[in-house]
A.B. asks: 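Below are the structure tokens for one structure; questions will follow.
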Amino acid sequence: MRTSLLRSMESAFRRSGSRSGHLLHRSFASAVTPERRVAILGAAGGIGQPLSLLMKLNPLVTHLSLYDIAGTPGVAADVSHINTLAEVKGFAAEEQLGQALEGADIVIIPAGVPRKPGMTRDDLFNINAGIVKSLCTAIAKYCPNAIVNMISNPVNSTVPIASEVFKKAGTYDEKKLFGVTTLDVVRAKTFYAGKAKVPVAEVNVPVVGGHAGITILPLFSQATPATNALGDEEIHALTKRTQDGGTEIVEAKAGKGSATLSMAYAGAIFADACLKGLNGVPDIVECSFVQSTVTELPFFASKVRLGKNGVEEVLGLGPLSEYEKRGLEALKPELMSSIEKGIKFAKAN
Ligand SMILES: NC(=O)c1ccc[n+]([C@@H]2O[C@H](COP(=O)([O-])OP(=O)(O)OC[C@H]3O[C@@H](n4cnc5c(N)ncnc54)[C@H](O)[C@@H]3O)[C@@H](O)[C@H]2O)c1
Ligand SMILES: O=C(O)C[C@H](O)C(=O)O
């Protein structure tokens with residue numbers, strides 16, 4: 001049973017575009033996996049629970065630390081019964097946050113409130129900015145060298161907040177801070193495969209910019225397998241659907257939150273890529289919102305090569321279609337203002 005589950009994970013990770021899925025099996029079989037500690041903050045939430053499950057299934061994880069301000073003991077006990085490698089510990093109260101973080105190689109943060117219909121991600125700022133700031137303050141104290149995977153929205157602002165908190169603490173390493181935009185890539189791949197009628201497992205689509213509305217810019221001109229079956233209108237519709245993917249889920253859930261299952265999948269894919277990078281697996285490339293000089297904006301999502309220290313290389317945008325060039329210019333003011341909002345908040349608080 002364990003073997004077949006690992007095989008399914010392996011093939012999911014391979015399909016995701018990380019080119020080293022085979023290593024999951026090899027490293028598990030030969031028991032050479034280095035010790036890797038992953039902490040999830042917000043582990044009992046809508047994303048946190050399935051993400052905890054998926055990280056427990058990942059054979060690269062040796063220790064899994066689950067932290068939430070509510071509901072952790074049940075989730076941690078439940079996940080801990082799964083007969084895979086990772087040793088699971090739950091941490092329930094704020095005074096246990098330090099213990100939850102100690103020794104972490106990767107901290108994944110899905111803590112915070114989700115949208116309801118009619119809200120933008122920026123409407124979450126007032127609550128989530130404070131949550132992210134306090135969690136990042138603890139990260140700076142207890143695991144200053146950890147890689148941080150930021151899921152909490154608005155990502156366009158929470159990543160800059162984290163960077164300022166780390167700068168204030170003197171622990172900032174731009175190579176180790178990632179806004180998780182993998183769900184945009186997951187959606188772009190799914191929607192493209194459906195329209196282009198190509199096997200979804202073979203599809204790759206870079207998504208650049210940020211993680212809100214028009215700041216999400218899928219580059220369908222670079223999608224593979226390439227197709228000339230899609231005209232301008234179809235590309236526009238695919239772009240809009242990718243940009244509005246989060247809202248599509250928020251509306252379908254009708255007040256019961258936003259994407260959780262697909263986000264957990266995307267978060268697990270991205271964390272797996274970070275783990276492989278840490279373990280020295282070559283050529284691990286994923287899109288992520290990182291400190292960047294690819295455009296004039298200080299943070300920007302693009303393809304990133306992952307390595308032993310986190311970001312090894314932020315890759316350029318590649319050739320853009322005229323439509324994408326216009327999209328790029330159009331997103332800059334909104335993305336810049338969200339970045340500045342985060343920086344201003346962190347400096348003032
Ligand atoms: N980056 C993305 O692509 C993406 C995708 C989906 C959702 N999100 C965002 O992820 C966040 C979480 O979404 P969800 O659906 O899991 O929400 P949720 O309400 O179901 O879960 C959030 C969890 O965070 C916990 N929490 C709150 N404050 C905390 C704190 N200070 N420390 C630790 N835990 C704390 C809550 O107790 C809860 O269990 C939202 O901000 C949402 O917008 C991002
Ligand atoms: O849309 C949301 O609020 C959640 C998330 O950012 C998403 O893209 O699904």
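Order of appearance sets the numbers: ligands from 1, and atoms from 1 within every ligand.
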A.B. asks: Counting only N and O atoms by type, is there a donor-acceptor contact under 3.5 Å from the side chain of S288 to the main-chain atoms of G179?
C.D. replies: yes
A.B. asks: For ligand 1, is any non-hydrogen atom under 4.0 Å from I131's backbone (N, CA, C, O), its side chain (CB onward), both, or neither?
C.D. replies: side chain
A.B. asks: For ligand 1, is there an N or O atom under 3.5 Å from any N or O atom of V180?
C.D. replies: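 Yes, V180 has an N/O under 3.5 Å of an N/O on ligand 1.
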A.B. asks: Check whether any side-chain N or O of N149 sits under 3.5 Å from a backbone N or O of I108 as a donor-acceptor pair, and report yes or no.
C.D. replies: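 Not confirmed, N149 side chain does not pair with I108 backbone.
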A.B. asks: For A44 and ligand 1, answer yes if some heavy atom of the residue is under 4.0 Å from a ligand atom, otherwise no.
C.D. replies: yes
A.B. asks: If we count only N and O atoms by modelled type, under 3.5 Å, do the side chains of H211 and N156 hold a donor and an acceptor together?
C.D. replies: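 Result is no, nothing qualifies.
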A.B. asks: Which ligand 1 atoms does N128 reach within 4.0 Å, using its non-hydrogen atoms?
C.D. replies: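 In order of number, 41 (O).
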A.B. asks: Which residues pass the side chain to side chain donor-acceptor pair (under 3.5 Å) test with T120, sequence neighbours left out?
C.D. replies: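 Side chain to side chain donor-acceptor pair (under 3.5 Å) check on T120 returns D123.
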A.B. asks: Which heavy atom of the protein is the closest neighbour of atom 44 (C) of ligand 1, given with residue, atom name and distance?
C.D. replies: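 The answer is I151 O, 3.0 Å.
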A.B. asks: Considering non-hydrogen atoms of the protein only, which is the closest contact for atom 5 (C) of ligand 1, and what is the distance?
C.D. replies: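 Result: M263 SD, 3.1 Å.
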A.B. asks: Relative to the heavy atoms of A259, which atoms of ligand 1 are at a distance of less than 4.0 Å?
C.D. replies: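 Answer, ordered by atom number: 6 (C), 7 (C).
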A.B. asks: Could you list which atoms of ligand 1 come closer than 4.0 Å to a heavy atom of Y67?
C.D. replies: 32 (N), 33 (C)
A.B. asks: Using modelled atom types only, decide if a donor and an acceptor are shared between the side chain of N58 and the backbone of L60 within a distance under 3.5 Å.
C.D. replies: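 It does hold such a pair.
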A.B. asks: If you count the atoms of ligand 1 from 1 in the order shown, which ones are under 4.0 Å from a heavy atom of L124?
C.D. replies: 43 (O)
A.B. asks: Give a yes or no on whether the backbone of P199 and the side-chain of E202 come within a donor-acceptor separation of less than 3.5 Å.
C.D. replies: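 Flag not set: sc E202 to bb P199 has no pair under 3.5 Å.
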A.B. asks: I'd like to know if the side chain of R115 pairs up with that of T247 as donor and acceptor (distance under 3.5 Å, no hydrogens or angles considered).
C.D. replies: yes
A.B. asks: Let me know which protein residues bring a heavy atom to under 4.0 Å of ligand 2; chain then number is fine for ordering.
C.D. replies: R115, R121, N153, L183, R187, H211, G246, S258, A259
A.B. asks: Would you confirm whether K56, through its side chain, and I82, through its main-chain N or O, come within 3.5 Å as a donor-acceptor pair?
C.D. replies: yes
A.B. asks: Do E35 and R37 meet the salt-bridge criterion of a basic N to acidic O distance under 4.0 Å?
C.D. replies: yes
A.B. asks: Using distance alone, decide if ligand 1 has a nitrogen or oxygen within less than 3.5 Å of any nitrogen or oxygen in L135.
C.D. replies: no
A.B. asks: Regarding T158 and N128, do their side chains bring together a donor and an acceptor under 3.5 Å, going by distance alone?
C.D. replies: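 No.
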A.B. asks: Enumerate the atoms of ligand 1 whose separation from the nearest heavy atom of V155 is less than 4.0 angstrom.
C.D. replies: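 Atoms satisfying the 4.0 Å criterion: 1 (N).
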A.B. asks: At what distance is the nearest protein heavy atom to atom 15 (O) of ligand 1, and which residue and atom is it?
C.D. replies: T260 CG2, 3.5 Å
A.B. asks: Any side-chain donor-acceptor pair under 3.5 Å between Q291 and S163?
C.D. replies: no
A.B. asks: Among G45, S262, G112, which one has a heavy atom closest to atom 17 (O) of ligand 1?
C.D. replies: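 Answer by nearest heavy atom: G112.
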A.B. asks: For ligand 1, does H211 get within less than 4.0 Å through its side chain, its backbone, both, or neither, judged by non-hydrogen atoms?
C.D. replies: side chain
A.B. asks: Looking at atom 39 (O) of ligand 1, what's its closest protein heavy atom, distance included?
C.D. replies: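 Going atom by atom, the protein heavy atom closest to atom 39 (O) of ligand 1 ends up being D68 OD2, 2.7 Å.
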A.B. asks: Closest non-hydrogen protein atom to atom 19 (O) of ligand 1, residue and atom name please, with distance?
C.D. replies: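 In this structure, atom 19 (O) of ligand 1 has P114 CD, 3.5 Å as its nearest protein heavy atom.
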A.B. asks: So, the side chain of Y265 versus the backbone of V186: is there a donor-acceptor pair under 3.5 Å, distance only?
C.D. replies: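 Such a contact is absent between Y265 side chain and V186 backbone.
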A.B. asks: State whether the shortest distance between N or O atoms of L41 and N or O atoms of ligand 1 falls below 3.5 angstrom.
C.D. replies: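 No, since none of the N or O atoms of L41 sits under 3.5 Å from an N or O of ligand 1.
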A.B. asks: I'd like to know whether F178 forms a ring pair (Phe, Tyr, Trp, His ring centres under 6.0 Å) with F270, so could you lay out the CA-CA distance, the side-chain angles of the two residues, the decisive distance to 0.1 Å, and finally the verdict.
C.D. replies: CA-CA 10 Å; F178 297 89; F270 189 70; 5.5 Å; yes
A.B. asks: If you measure every N or O of N153 against every N or O of ligand 1, does any of those distances drop under 3.5 Å?
C.D. replies: yes
A.B. asks: Please state which protein non-hydrogen atom is closest to atom 11 (C) of ligand 1 and give its distance, to 0.1 Å?
C.D. replies: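 For atom 11 (C) of ligand 1, the nearest protein heavy atom is P110 O, 3.7 Å.
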A.B. asks: Give the residue, atom name and distance (to 0.1 Å) of the protein heavy atom nearest atom 16 (O) of ligand 1.
C.D. replies: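 Result for atom 16 (O) of ligand 1: I47 N, 2.9 Å.
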A.B. asks: Which ligand 1 atoms, with their elements, are less than 4.0 angstrom from a heavy-atom of G46?
C.D. replies: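 In order of numbering, the contacting atoms are 16 (O), 18 (P), 20 (O), 21 (O).
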A.B. asks: Which of the numbered atoms in ligand 1 are under 4.0 angstrom from any heavy atom belonging to V113?
C.D. replies: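 Those qualifying, in numeric order: 40 (C), 41 (O), 43 (O).
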A.B. asks: Is the shortest side-chain heavy-atom distance between T227 and F220 below 4.5 Å?
C.D. replies: no
A.B. asks: Side chain or backbone, does M150 bring an N or O within less than 3.5 Å of an N or O on ligand 1?
C.D. replies: no
A.B. asks: Donor-acceptor pair, distance only, cut-off 3.5 Å: does the side chain of Q243 make one with the backbone of I216?
C.D. replies: yes
A.B. asks: So, D272 side chain and A268 main chain: donor-acceptor pair closer than 3.5 Å or not?
C.D. replies: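 No; zero donor-acceptor contacts below 3.5 Å.
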A.B. asks: Tell me if a side-chain donor or acceptor on S262 pairs with a main-chain N or O of A259 at a distance below 3.5 Å.
C.D. replies: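 No, S262 side chain to A259 backbone: no donor-acceptor pair under 3.5 Å.
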